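Worksheet: one structure, shown below.
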Amino acid sequence: MTDIAVIGAGTAGLTAAIYARRAGRSVVVFEGEAPGGQIINTPKVDNFPAMPGISGYEYANKLYEQAQDQGAEFVFDTVRKVEGSYEEGFRLTGEYGSYCEARTLIIATGVKRRQMGIDGEQEYAGRGISYCATCDGAFFKGKTAAVFGGGNTAVEDAIYLAGICSKVYIIHRRLQFRADQALVDELLSYDNVETKLPFTVSGINGRKTLESVTLTSIDGHEEELATDALFVAIGLIPDNSVFKDLVELDPDGYVIADEDCETSVPGVFAAGDCRVKEIRQLVTAASDGATAAIRASRL
Ligand code: NDP
């Protein structure tokens, strides 16, 4: 039986794997996509201590290599079923048939991008609508793009696109951005960036591909904005439904665990963005990973 199964290979999960291996524990890390988590799509990370300017991709790769070098084992499969208990051991089954028995679990599943939930969103995904500017921005080189959202992701996406596209609109439902002021200042320094405030995207229009979006303001005023692309960056939601019968989740689906990363169930820990917490940053995810691994290693 493995000592610790880590579910998710983002910053929290990979840091947990490093700490657990250094504590002499056997570790299996499950990951359904590429290792690295959300940060892999961030062009430039300027707020991780001692690594100013590192790309999210390079950061994620370094972290993955570090976990591998420490001897963590990786299973690239999405965990679909978790059974058992600390007393008898936990049994994890993956979507593609992988199986693991572990004494303790660290849930580090992170979050995924929120969808707009309007007509045409699914239909135009990949035909103008995208959730990842660094993945798809190059398809719109020299064209017009719009970004929807007001947080750090949206503003970073708009900055990235401003260097590729001829014109970039940023649409946000408030007059003030939620993003860090330094990022907002950088965004507003671009001549080809225009803000659309306070608006939400209420319609998606086009024939084969996206041609325009309908914007609605708080007072009900509507306008049509011609654009070749819409990058949706309206926040993140957890994906913890597989654990709903195992641990307590809050009404939004985050795992209930406090700063010691312990859940209500013995032997099950939650680390990083997937748990109830106020500040979701790389450093807090790394901190959680270390905390969860140290606690799990002591059991
Ligand atoms: P955030 O939750 O920070 O921002 C989401 C934005 O989308 C908010 O402006 C919010 O509006 C808006 N929004 C939410 N729901 C809707 C909706 N239904 N319709 C319209 N607009 C909506 O998410 P991010 O993805 O930007 O960031 C997530 C976390 O990651 C944050 O903690 C962020 O700081 C961090 N991050 C840090 C980075 C860095 O430090 N370099 C880079 C990227 C992310 P409102 O403001 O009105 O709530």
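On a predicted model such as this, the values are computed, not experimentally measured, just so you know. This chain uses plain numbering: 1 for the first residue, then up along the sequence. Just follow the structure's listing: the first ligand is 1, and inside any ligand the first atom is 1.
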Looking only at protein heavy atoms, what sits closest to atom 40 (O) of ligand 1 is Asn47 ND2, 2.5 Å

Under 4.0 Å from a heavy atom of Glu156: give me the atoms of ligand 1 that qualify, with their elements. 39 (C), 41 (N), 42 (C)

Heavy-atom pairs closer than 4.0 Å: do any link ligand 1 to the side chain of Thr153, the backbone, both, or neither? both

For atom 32 (O) of ligand 1, what's the nearest protein heavy atom and its distance? Arg280 O, 3.1 Å

Interatomic spacing from CD in Gln181 to CG in Leu187 - rounded to 0.5 Å: 10.5 Å

Determine whether the side chain, the backbone, both or neither of Gln281 has a heavy atom under 4.0 Å from any heavy atom of ligand 1. side chain

With a 4.5 Å heavy-atom cut-off, do Val232 and Arg113 have their side chains touching? no

Nearest protein heavy-atom contact for atom 2 (O) of ligand 1: which residue, which atom, what distance? Gly235 CA, 4.0 Å

Are the aromatic rings of Tyr59 and Phe48 close, with centres under 6.0 Å apart? yes

Can a donor-acceptor pair be found, under 3.5 Å and without considering hydrogens, that links the side chain of Arg114 to the backbone of Gly235? no

Does any N/O atom on Gly149 come nearer than 3.5 Å to any N/O atom on ligand 1? no

Note the single closest protein heavy atom to atom 20 (C) of ligand 1, along with its residue, its atom name and the distance in Å. Phe148 CZ, 3.4 Å

Test the Arg280-Tyr254 pair against the cation-pi criterion, namely NZ or CZ under 6.0 angstrom from the six-membered ring centroid and within 45° of the ring axis. yes

For ligand 1, indicate whether the residue Leu236 contacts it via side chain, backbone, both or neither (heavy-atom separation under 4.0 Å). side chain

What are the two closest non-hydrogen atoms of Ile256 and Asp250, and how far apart are they? CG1-N, 3.7 Å

Just to be sure I read this right, does ligand 1 sit under 4.0 Å from the backbone of Met116, its side chain, both, or neither, counting only heavy atoms? neither

For Thr144, is there any backbone N or O sitting under 3.5 Å from a side-chain donor or acceptor partner on Asp228? yes

Is any side-chain heavy atom of Leu215 closer than 4.5 Å to one of Val201? yes

Between Met1 and Tyr99, is there a shared hydrophobic cluster once you connect ILVMFWY residues whose side-chain heavy atoms come closer than 4.5 Å? no

Check each atom of ligand 1 against the heavy atoms of Arg114 and keep those under 4.0 Å away; list them by number with element. 14 (C), 15 (N)

Identify the protein heavy atom lying closest to atom 10 (C) of ligand 1, giving its residue, its atom name and the separation to 0.1 Å. Arg173 NH2, 3.9 Å

With distance as the sole criterion, is a donor-acceptor pair present between the side chains of Thr109 and Asn240 under 3.5 Å? yes

Is Thr200 close to ligand 1, meaning an N/O of one under 3.5 Å from an N/O of the other? no

Shortest protein heavy-atom distance from atom 8 (C) of ligand 1, along with the residue and atom involved: Arg178 NE, 3.5 Å

Counting only heavy atoms, which portion of Arg113 has something under 4.0 Å from ligand 1: side chain, backbone, both, or neither? neither

Taking atom types as modelled, find out whether Gln68 and Tyr64 have a side-chain donor-acceptor pair closer than 3.5 angstrom. yes

Looking at Val232, Ile234, Thr42, Val45, the heavy atom closest to atom 12 (C) of ligand 1 belongs to Ile234

Considering only protein heavy atoms, which is closest to atom 34 (O) of ligand 1, and at what distance to one decimal place? Asn152 ND2, 2.8 Å

Which heavy atom of the protein is the closest neighbour of atom 45 (P) of ligand 1, given with residue, atom name and distance? Arg174 NE, 3.3 Å

